[in-house]
Amino acid sequence: MSRRPDPDALAARLLQGDRRALARAITLVESSHPDDRTAAESLLQAILPATGQQDAGRAIRIGISGTPGVGKSSFIERFGLFLTGQGHRVAVLAVDPSSALSGGSILGDKTRMEQLVREPAAFIRPTPSGGSLGGVARRTREAMLLVEAAGFDVVLVETVGVGQSETTVAEMVDIFLLLLAPAGGDDLQGIKRGIMELADLVIVNKADGELLPKARLAAADYRMALHLMRPRHAEWRPQVQLVSALLNEGIGEVWTAIGQYREALQKTGALAAQRRHQAEAWLMRELQDGLLDWLKQEPAIAGELPRLQKAVGKGQTAPSAAARKLLEMLRR
């Protein structure tokens, strides 16, 4: 059994850019053991001044989502290699679907990014979602702070791309990229309006070969759709970019657009304000998760909860009534 790391010593090594310390730190914050959580909180407090949480100009956080098969991993690898070639240090936090049996990652991002994983200026951390809402691991936010403290100035958060993942990742990054495959016309109707409204930059991947004409038509359709939607930020009108990860085309233009977005929001202070709002929302999420965990451990609640769950499942009790009964038990 490995000895639990000393938070201060681990923080010192992490701030020096020690990759092994970074990997161990992420493992620590992902642990649900009470003692590990205490150590993780001490670690995070120690490295907080070196993260983008207090300095929005230190690193940029980029969320990347899209349906399976759109080529997210191929795009991220090309994008990551382009960035390291420009002198940036890139961290990829790739959240994989979890195995129902083992709870581990089943897609294996490191095997899907064979070139990027060998790049010294890149760090890839596949993380099982553990069934958490939206496919974003519960501790992804903390891992994001750790890689920033270790000196990575571009953080890419790749999500599963199903359910609520788009909303979840948009609430924790600076800019949200939505990858779409060449499609248009009727296919546009299948894309949820809410997902399009979250996008700061839409990327039509696979814009090459026989798919290039379709990609161009799709880009035009997406631009029209975005024009009819209210943008998330007054400072930025979402753009649509054509990319071919296969041919390594359009990658530089994506980075240019991200730079324009960042500059526009920094000028008005909107980027720093967004970071503050996200931190406050993170606090509320931690409270909700913590309270739910605590409720399940309370003897009285633990005994009553399974019974009420069955009653709700059978349609014998309304969910609101069951919740109110549990809350009333806490007041006694």
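Note that the numbering runs from 1 along the sequence shown for the chain.
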Answer yes or no: is there an ion pair linking R276 with E280, defined by an N-O contact shorter than 4.0 Å? no

Where does the angle between the aromatic ring planes of F123 and F152 fall among parallel (under 30°), tilted (30 to 60°) and perpendicular (over 60°)? tilted

Mind running side chain to side chain contact (heavy atoms under 4.5 Å, CB included) on R275 and D174 for me, showing each step along the way? CA-CA 8 Å; R275 289 271 180 101; D174 299 322; 2.6 Å; yes

Determine, step by step, whether E148 and R89 satisfy the salt bridge (Lys or Arg N to Asp or Glu O under 4.0 Å) criterion, reporting the C-alpha distance in whole Å, the side-chain angles of both residues, the deciding distance to 0.1 Å, and the verdict. CA-CA 10 Å; E148 289 177 358; R89 299 188 68 211; over 6 Å; no

Which atoms form the tightest heavy-atom contact between T140 and M172, and what is the distance? CG2-CE, 3.4 Å

Between K325 and E328, is the closest basic N to carboxylate O distance under 4.0 Å? no

CG of L217 to NZ of K214: how many Å apart, nearest 0.5 Å? 9.5 Å

Could you check R125 against T27 for side chain to side chain donor-acceptor pair (under 3.5 Å), going step by step and ending with a plain yes or no? CA-CA 10 Å; R125 177 74 179 209; T27 298; 3.1 Å; yes

Give, for atom CG of L146 and atom CZ of R24, the distance between the pair rounded to the nearest 0.5 Å. 14.0 Å

Between E77 (side chain) and L116 (backbone), is there a donor-acceptor pair under 3.5 Å? yes

Does any part of the side chain of Q239, heavy atoms only, come nearer than 4.5 Å to the side chain of Y261, both counted from C-beta? no

Check whether more than 12 heavy atoms from other residues, nucleotides or ligands sit under 6.0 Å from atom CD of E210, and answer yes or no. no

How long is the gap from CG on L211 to NZ on K206, to the nearest 0.5 Å? 8.0 Å

Is there a donor-acceptor pair closer than 3.5 Å between any side-chain N or O of R13 and the backbone N or O of A9? no

Do F79 and I203 pass the side chain to side chain contact (heavy atoms under 4.5 Å, CB included) test, and can you show the C-alpha distance, the side-chain angles, and the key distance before you say yes or no? CA-CA 12 Å; F79 190 43; I203 299 172; over 6 Å; no

At what distance, to the nearest 0.5 angstrom, does CD1 of I76 lie from CD1 of I124? 9.0 Å

Same apolar cluster (I L V M F W Y, side chains within < 4.5 Å links), Y222/L212: no

